[in-house]
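All remarks here apply to the structure that follows.
Everything numeric here is computed off the predicted structure, so don't read it as measured data. Counting from 1, the numbers follow the sequence of the chain as shown. Each ligand, and each atom within it, is numbered from 1 in the order the structure gives.
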Amino acid sequence: MDKTKILFVCLGNICRSPSAEAVMKGIIEKEGVSGDFEIDSAGTAAWHAGEPADPRMQVHARKRGYNLTSISRPVDPDVDFDKFDYIIAMDTQNMRDLKKLVKNNSHLEKLHMMTDFAKEYDYSSVPDPYYGGDEGFELVLDLLEDACQGLLESVANEQKVK
Ligand code: 4NP
């Protein structure tokens, strides 16, 4: 079976999407299915390209056992929409920006909102924590832990009906 390839996308690729990448990798590792997936993250903006995750996000993530190792990069519309099976936006502005980059309907069908996979939390976006305080970073991780669990279940269900 081909690997399921998932790309998480936020604005800067230094707070929310690298955290989503680490949380998802943690969940699939715990479930023993790491080999079935390829997980990556990217930003709609290139402002922080080449930088590691925001140190504040790293501190909060580490407290829950996640090591944020990814380096920021912008979405590559020439590669990412063909390569990945799921392209998952953190907020509605990310989704609008991604929709501007797609070239066809099959690309469009790969776009999802992170919060649509949540089971416990009822949010329409993962709020941008960049200009806020500690509680914003904790909320990002709460939402991602919930939604990544839901995403794994959704992918598993999808594969059953194929
Ligand atoms: P992210 O957060 O999209 O979750 O990585 C942000 C990172 C940087 C900026 C805004 C949001 N910025 O304005 O530089």
Side-chain angles (χ1 to χ4, degrees), residues 4-29 37-103 107-108 110-152 154-155:
T4 299
K5 301 186 184 72
I6 302 173
L7 181 69
F8 295 105
V9 177
C10 61
L11 175 60
N13 191 213
I14 54 169
C15 294
R16 293 165 291 174
S17 61
S19 299
E21 180 183 338
V23 169
M24 193 67 189
K25 283 178 175 170
I27 290 174
I28 59 177
E29 201 152 297
F37 288 88
E38 184 171 334
I39 312 288
D40 196 3
S41 65
T44 56
W47 306 324
H48 296 278
E51 294 176 18
D54 185 299
R56 299 166 297 168
M57 192 75 250
Q58 290 200 43
V59 166
H60 287 274
R62 207 172 298 122
K63 277 198 281 182
R64 299 191 193 200
Y66 306 110
N67 198 8
L68 303 189
T69 55
S70 80
I71 299 296
S72 176
R73 71 163 179 95
V75 171
D76 183 346
D78 292 332
V79 174
D80 291 331
F81 291 110
D82 288 321
K83 175 176 175 179
F84 289 93
D85 305 301
Y86 292 80
I87 298 174
I88 302 186
M90 297 297 135
D91 66 30
T92 50
Q93 184 60 51
N94 306 150
M95 179 59 93
R96 278 194 291 275
D97 291 337
L98 284 166
K99 282 183 176 168
K100 286 183 208 150
L101 299 175
V102 302
K103 295 185 175 76
H107 291 170
L108 199 57
K110 295 179 177 187
L111 300 182
H112 304 270
M113 290 297 294
M114 184 82 262
T115 44
D116 285 348
F117 296 101
K119 296 168 356 145
E120 309 269 335
Y121 287 89
D122 187 18
Y123 276 67
S124 54
S125 282
V126 180
D128 183 348
Y130 192 70
Y131 293 106
D134 287 345
E135 64 292 344
F137 292 94
E138 289 297 318
L139 177 62
V140 165
L141 293 165
D142 288 339
L143 295 177
L144 292 178
E145 286 181 329
D146 181 24
C148 284
Q149 192 63 46
L151 171 59
L152 179 58
S154 180
V155 171

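Residue N13 touches ligand 1 through its backbone alone, judged by heavy-atom distances below 4.0 Å.
Judged purely by atom type and a 3.5 angstrom limit, R73 has no side-chain atom pairing as donor or acceptor with the backbone of N13. Looking only at distances, a side-chain donor or acceptor of D146 sits under 3.5 Å from a matching main-chain atom of E120. With hydrogens and angles ignored, the 3.5 Å screen pairs no side-chain donor or acceptor of K5 with any backbone N or O of D80. Of the possible donor and acceptor atoms, none in the side chain of K119 sits under 3.5 Å from a partner among the backbone N and O of Q149. S125 contributes no side-chain N or O that, together with a main-chain N or O of D91, makes up a donor-acceptor pair within less than 3.5 Å.
In this structure, a donor-acceptor pair under 3.5 Å is absent between the side chains of N94 and D97.
Below 4.0 Å from some heavy atom of I14 lie the following atoms of ligand 1, by number and element: 5 (O), 7 (C), 8 (C). Short contacts between ligand 1 and D128, defined as distances under 4.0 Å to a heavy atom of the residue, involve ligand atoms 2 (O), 6 (C), 10 (C), 11 (C). Every atom of ligand 1 with a heavy atom of G12 under 4.0 Å away is listed here by number and element: 1 (P), 3 (O), 5 (O).
Using a 4.0 Å cutoff on heavy atoms, H48 counts as a contact of ligand 1.
Of the polar atoms of C15, at least one N or O is found under 3.5 Å from an N or O of ligand 1, judged by distance alone. Considering backbone and side-chain atoms alike, C10 places every N or O at 3.5 Å or more from each N or O of ligand 1. In terms of polar-atom proximity, S17 is not counted as a contact of ligand 1, lacking any N or O under 3.5 Å from an N or O of the ligand. Ligand 1 has an N or O atom lying under 3.5 Å from an N or O atom of R16, backbone or side chain.
Counting heavy-atom neighbours within 6.0 Å of K103 NZ, excluding the residue itself, gives a total above 12.
Among all protein heavy atoms, the one lying closest to atom 12 (N) of ligand 1 is Y130 CE2, 3.5 Å. Of the protein's non-hydrogen atoms, Y131 OH, 3.1 Å is the one closest to atom 13 (O) of ligand 1.
You'll find the side chain of R16 reaches within 4.5 Å of the side chain of L11, heavy atoms only.
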